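Because the structure is predicted, anything quoted here is derived from the model rather than measured. Numbers for residues simply follow the sequence, beginning at 1.
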Amino acid sequence: MAALEIRQADQADRDAVARLLDESFRTDPVSSWVFPDPEHRAAVHGKFLGVFVDVALEEGRIDYAADGSAAALWLRIPAADPEGEPVEDEVPARMRAVADPDNERCELVGRLTGAVHPTAEEHEYLLMIAVAPDRQGQGLGSELMRPVLERCDREGVPAYLEASSERSKELYERLGWECTGEAVQLPEGPLMWPMWRKPRG
């Protein structure tokens with residue numbers, strides 16, 4: 001496979017990246033739980049995931065395949081001050097407000113994953129990674145993650161994510177992530193697996 005050409009997405013790419021996330025996760029177990037009705041999901045799912053794009057553009061980075069086939073959204077999370085007050089994460093409420101105000105699941109998924117997110121060490125947080133449906137299974141996701149993971153290894157920085165399917169969990173395990181403990185059980189819904197990757201020396 002030819003090397004994947006990767007660039008940094010910017011505001012001009014915002015809608016294209018949101019569309020890519022929508023297409024890639026439309027049938028994902030977690031998205032299907034948040035929006036059980038397929039027609040409704042089709043209408044609001046892109047708005048829901050667009051908040052992640054906005055957060056990554058504002059506070060992190062989006063590595064974007066030059067051909068638009070894949071995107072990885074990263075945030076560098078600092079270590080929490082053990083003496084400081086816990087900071088309220090406003091993103092779950094924002095996702096609900098933007099996408100589907102009457103649907104508490106929009107907010108609940110972020111609250112439940114946020115409750116188990118490690119805070120003791122600075123780390124790279126893979127907020128989401130998406131590969132166009134017709135390009136999945138070709139190694140693009142691994143290729144897209146490689147530069148950040150290599151930098152993590154050089155700098156001695158761990159990485160964190162939540163896997164939303166068994167298939168993605170297995171991919172991440174091959175790249176050095178390990179489950180942190182108990183999976184997050186969405187009420188009457190699927191599991192999400194918090195995963196931590198120690199830097200490789």
### Task
Go through the steps to decide whether Trp193 and Glu182 satisfy the test side-chain contact (heavy atoms from CB on, under 4.5 Å), and finish with yes or no.
CA-CA 7 Å; Trp193 291 270; Glu182 279 192 42; over 6 Å; no
### Query
Run the side-chain contact (heavy atoms from CB on, under 4.5 Å) check on Tyr172 and Ile129 step by step: do they pass?
CA-CA 11 Å; Tyr172 297 131; Ile129 184 165; 3.1 Å; yes
### Derivation and outcome, salt bridge (charged side-chain N to carboxylate O under 4.0 Å, His left out), residues Lys169 and Glu173
CA-CA 6 Å; Lys169 177 167 95 66; Glu173 284 171 342; 3.3 Å; yes
### Stepwise side-chain contact (heavy atoms from CB on, under 4.5 Å) test for Ser69 and Val131
CA-CA 6 Å; Ser69 61; Val131 176; 5.7 Å; no
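Of all heavy-atom pairs between Ala9 and Val17, the closest is CB-CG2, 4.4 Å. Residues Arg41 and Ser31 come closest through the heavy atom pair NE-O, 3.8 Å. Taking all atoms of both residues into account, the shortest heavy-atom contact from Val30 to Ser164 is CG2-CB, 3.7 Å. Heavy atoms only, all atoms of each residue included: Leu21 and Ala130 are closest at CD2-CB, 3.3 Å. Contact detail for Val91 and Val55: the closest heavy-atom pair is CG2-CG2, 3.8 Å. Cys152 and Pro158 get closest at one heavy-atom pair: SG-O, 4.2 Å.
The pair Arg76-Glu122 counts as a salt bridge, with a side-chain nitrogen and a carboxylate oxygen less than 4.0 angstrom apart. Of the charged side-chain nitrogens involved, at least one lies within less than 4.0 Å of a carboxylate oxygen, so that Arg94 and Glu58 count as a salt-bridged pair. Under 4.0 Å is where a charged nitrogen must lie from a carboxylate oxygen, and between Asp89 and Arg111 no such pair does. Between Asp22 and Lys47 there is no salt bridge, since no side-chain nitrogen of the basic residue lies less than 4.0 Å from a carboxylate oxygen of the acidic one.
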Could you go through residues 194-201 and list every donor-acceptor pair under 3.5 Å that involves a side-chain atom there, pairing it with any protein atom two or more places apart or in another chain?
residue	atom	partner	partner atom	Å
Arg197	NE	Leu175	O	2.9
Arg197	NH1	Asp153	OD1	2.9
Arg197	NH2	Asp153	OD2	3.2

Please list every donor-acceptor pair under 3.5 Å in which a side-chain atom of residues 183-191 meets a protein atom from a residue at least two apart or in another chain.
residue	atom	partner	partner atom	Å
Gln185	NE2	Gly189	O	2.5

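Here the two rings, on Tyr160 and His117, have centers that are under 6.0 Å apart.
At a cut-off of 3.5 Å, with distance as the only test, no side-chain donor of Arg14 or Gln11 sits close to an acceptor on the other residue.
For the ring-ring contact (aromatic ring centres under 6.0 Å, His included) test, no residue two or more places apart in sequence or in another chain qualifies with Tyr64.
Annotation: Arg167, atom CZ; neighbour count of heavy atoms from other residues, nucleotides and ligands within 6.0 Å does not exceed 12. Within a 6.0 Å sphere centred on CD of Gln8, heavy atoms belonging to other residues, nucleotides or ligands number more than 12.
One finds the CG atom of Asp100 at 11.5 Å from the CZ atom of Arg105 (value rounded to the nearest 0.5 Å). Between the CG atom in Asp63 and the CZ atom in Arg146 there is a gap of 13.0 Å [rounded to 0.5 Å].
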